[in-house]
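Reminder, nothing fancy here: chain letters follow the sequence lines and each chain counts from 1.
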Amino acid sequence: MYSMWSTILVVTHGIFAVGLIGALTHQVIALWSTAPTPSDNFFARLRNVRSGSYTNAVVILYLLDFALGAVIYATYRIEVRPYLEDIQFYVAAGSFETKEHLAALGLGLLPAYWLFWKAPGFSAHGNERKYITLLLAFFVWWNFLVGHILNNIRGLP
Amino acid sequence: MNNLLISERMISRLIVFSLVFPVIYVVLYYNELALFRFYPLVGELHLNIQPTTFGPAMTYYGWLVIAAIVGAVVAFAVPHRWALRLWAGWSWLVPLGATLFTFIYETRWLLH
């Protein structure tokens with residue numbers, strides 16, 4: 001039973017993260033490339049999406065994913081981190097520490113992220129929107145990759 | 001639509017919250033200051049450090065709660081006209097600084 005719930009939580013955590021990566025990567029590509037042109041090219045079509053429409057979904061997905069991660073973290077702390085320390089795999093343990101901090105910093109960044117995409121009067125702040133979105137996308141990518149690799153090293157029981 | 005959903009005052013509060021939260025969070029984890037500790041082995045929250053029989057202590061939730069509370073208090077305490085004077089660039093520079101600090105700080109794991 002314990003194992004089944006851990007698996008369900010980790011898989012759901014990963015699915016939410018994939019959704020976040022997709023939405024935020026679209027937004028980053030849209031913000032950092034030139035104006036959209038009709039094209040059959042894959043990257044041009046990525047650019048052509050209405051990236052602002054993802055903003056609310058990103059905020060909700062981030063909150064849900066963060067909550068799941070916070071629940072899973074307790075099991076990680078007693079089942080995985082001691083193992084990593086026992087085998088002296090400190091890079092892996094340290095990467096997870098960074099992951100937890102970036103997840104928290106992303107949580108604090110969410111209000112600003114939402115404002116620079118959605119709030120009235122913020123449309124002129126293109127650079128701020130660009131850098132905040134890039135930062136949030138970096139957090140999500142880093143956390144996804146570290147979580148995925150750590151799960152390969154030692155999954156939750 | 002968004003004009004109906006959020007006031008200018010709330011906008012300035014959200015900006016201030018996003019600026020204060022990372023600073024407080026970094027200060028808390030750097031100094032290991034936690035309002036409470038969670039002991040996952042026994043599933044208990046404690047204000048004080050418990051014996052090793054309780055298993056490892058988690059300070060993460062305590063940092064999050066304090067950073068959120070302080071961020072919210074400051075966001076409501078800062079006068080609206082002050083918040084409006086803030087340079088918009090701080091909104092990404094402050095979290096970027098906290099991120100760089102985090103990566104530098106966590107290199108301590110490489111020194112074991």
Side-chain angles (χ1 to χ4, degrees), chain A residues 55-56 66 69-79 81-82 84-85 88-136 138-139 142, chain B residues 1-8 10-26 28-30 38-43 55-58 60-61 63-64 67-68 71 75 87-99 101-103 105-112:
Chain A
T55 306
N56 289 339
F66 184 89
V71 172
I72 296 166
Y73 189 18
T75 311
Y76 164 86
R77 186 66 187 83
I78 49 178
E79 300 287 352
R81 187 165 139 182
L84 296 175
E85 289 177 333
Q88 300 187 341
F89 202 168
Y90 296 116
V91 173
S95 298
F96 190 90
E97 296 297 300
T98 311
K99 171 177 153 71
E100 73 166 16
H101 295 320
L102 296 193
L105 295 177
L107 195 65
L109 194 60
L110 278 186
Y113 163 81
W114 186 85
L115 286 174
F116 280 102
W117 275 99
K118 290 286 188 184
F122 277 69
S123 55
H125 292 285
N127 280 338
E128 285 75 20
R129 182 162 52 251
K130 206 183 263 188
Y131 297 130
I132 287 175
T133 307
L134 184 65
L135 207 50
L136 199 59
F138 171 71
F139 292 169
W142 174 273
Chain B
M1 180 71 178
N2 286 322
N3 287 311
L4 300 174
L5 290 175
I6 188 158
S7 68
E8 201 171 275
M10 185 52 74
I11 287 174
S12 63
R13 282 176 185 152
L14 289 175
I15 287 285
V16 172
F17 178 87
S18 274
L19 292 180
V20 174
F21 185 97
V23 175
I24 299 298
Y25 180 81
V26 165
L28 291 170
Y29 83 66
Y30 181 73
F38 178 64
Y39 291 83
L41 198 60
V42 291
M58 294 177 68
Y60 186 58
Y61 307 121
W63 297 333
L64 288 173
W87 177 52
W90 292 123
S91 58
W92 62 271
L93 267 174
V94 172
L96 177 66
T99 305
F101 179 85
T102 296
F103 274 97
Y105 177 68
E106 292 301 346
T107 54
R108 67 200 167 109
W109 286 90
L110 302 174
L111 305 175
H112 271 87

ask   = At a heavy-atom separation under 4.5 Å, does L135(A) approach chain B through its side chain, its backbone, both, or neither?
value = side chain
note = Residues at least two apart in sequence or cross-chain that pass ring pair (Phe, Tyr, Trp, His ring centres under 6.0 Å) with F38(B), listed by chain then number, are Y61(B)
ask   = Hey, which of P82(A), A93(A), A104(A) has the most heavy atom pairs under 4.5 Å with chain B?
value = A104(A)
task = Step through the shown structure and confirm whether more than 12 heavy atoms of other residues, nucleotides or ligands are within 6.0 Å of CD on E8(B).
result = no
4.5 Å side-chain heavy-atom contact, W92(B) and F116(A) = no
message = With heavy-atom distances below 4.5 Å as the criterion, would you say the side chains of E97(A) and W109(B) are in contact?
response = yes
message = Report which part of Y113(A) has an atom under 4.5 Å of a heavy atom belonging to chain B: side chain, backbone, both, or neither.
response = neither
message = Within the structure provided, determine whether V26(B) and Y29(B) are in side-chain contact (heavy-atom separation under 4.5 Å).
response = yes
inquiry  = Report which part of A75(B) has an atom under 4.5 Å of a heavy atom belonging to chain A: side chain, backbone, both, or neither.
reply    = neither
key: Min side-chain heavy-atom separation W87(B)-L93(B) under 4.5 Å   = yes
Top contributor to chain A contacts, counting heavy-atom pairs under 4.5 Å, from S91(B), P22(B), A98(B), G55(B) = S91(B)
query = So with a 6.0 Å cut-off around CZ of F103(B), is the heavy-atom count from everything else above 12?
reply = yes
query = Do the ring planes of H101(A) and Y25(B) sit parallel (below 30°), tilted (30 to 60°) or perpendicular (above 60°)?
reply = perpendicular
ask   = In terms of heavy-atom proximity below 4.5 Å to chain B, should H125(A) be classed as side chain, backbone, both, or neither?
value = side chain
key: Within residues 126-134 of chain A, residues adjacent to chain B where the heavy-atom gap is under 4.5 Å   = E128(A), Y131(A), I132(A)
query = Does the side chain of F96(A) reach to within under 4.5 Å of the side chain of L84(A), using non-hydrogen atoms?
reply = no
task = Would you confirm whether Y60(B), through its side chain, and E100(A), through its main-chain N or O, come within 3.5 Å as a donor-acceptor pair?
result = yes
remark   = When the 4.5 angstrom heavy-atom criterion is applied to L64(B) and chain A, the contacting part is side chain
ask   = Is it the backbone or the side chain of F66(A) that comes under 4.5 Å from a heavy atom of chain B, or both, or neither?
value = side chain
Pick from T99(B), L110(B), V94(B) with the largest number of heavy-atom pairs that fall under 4.5 Å of chain A = T99(B)
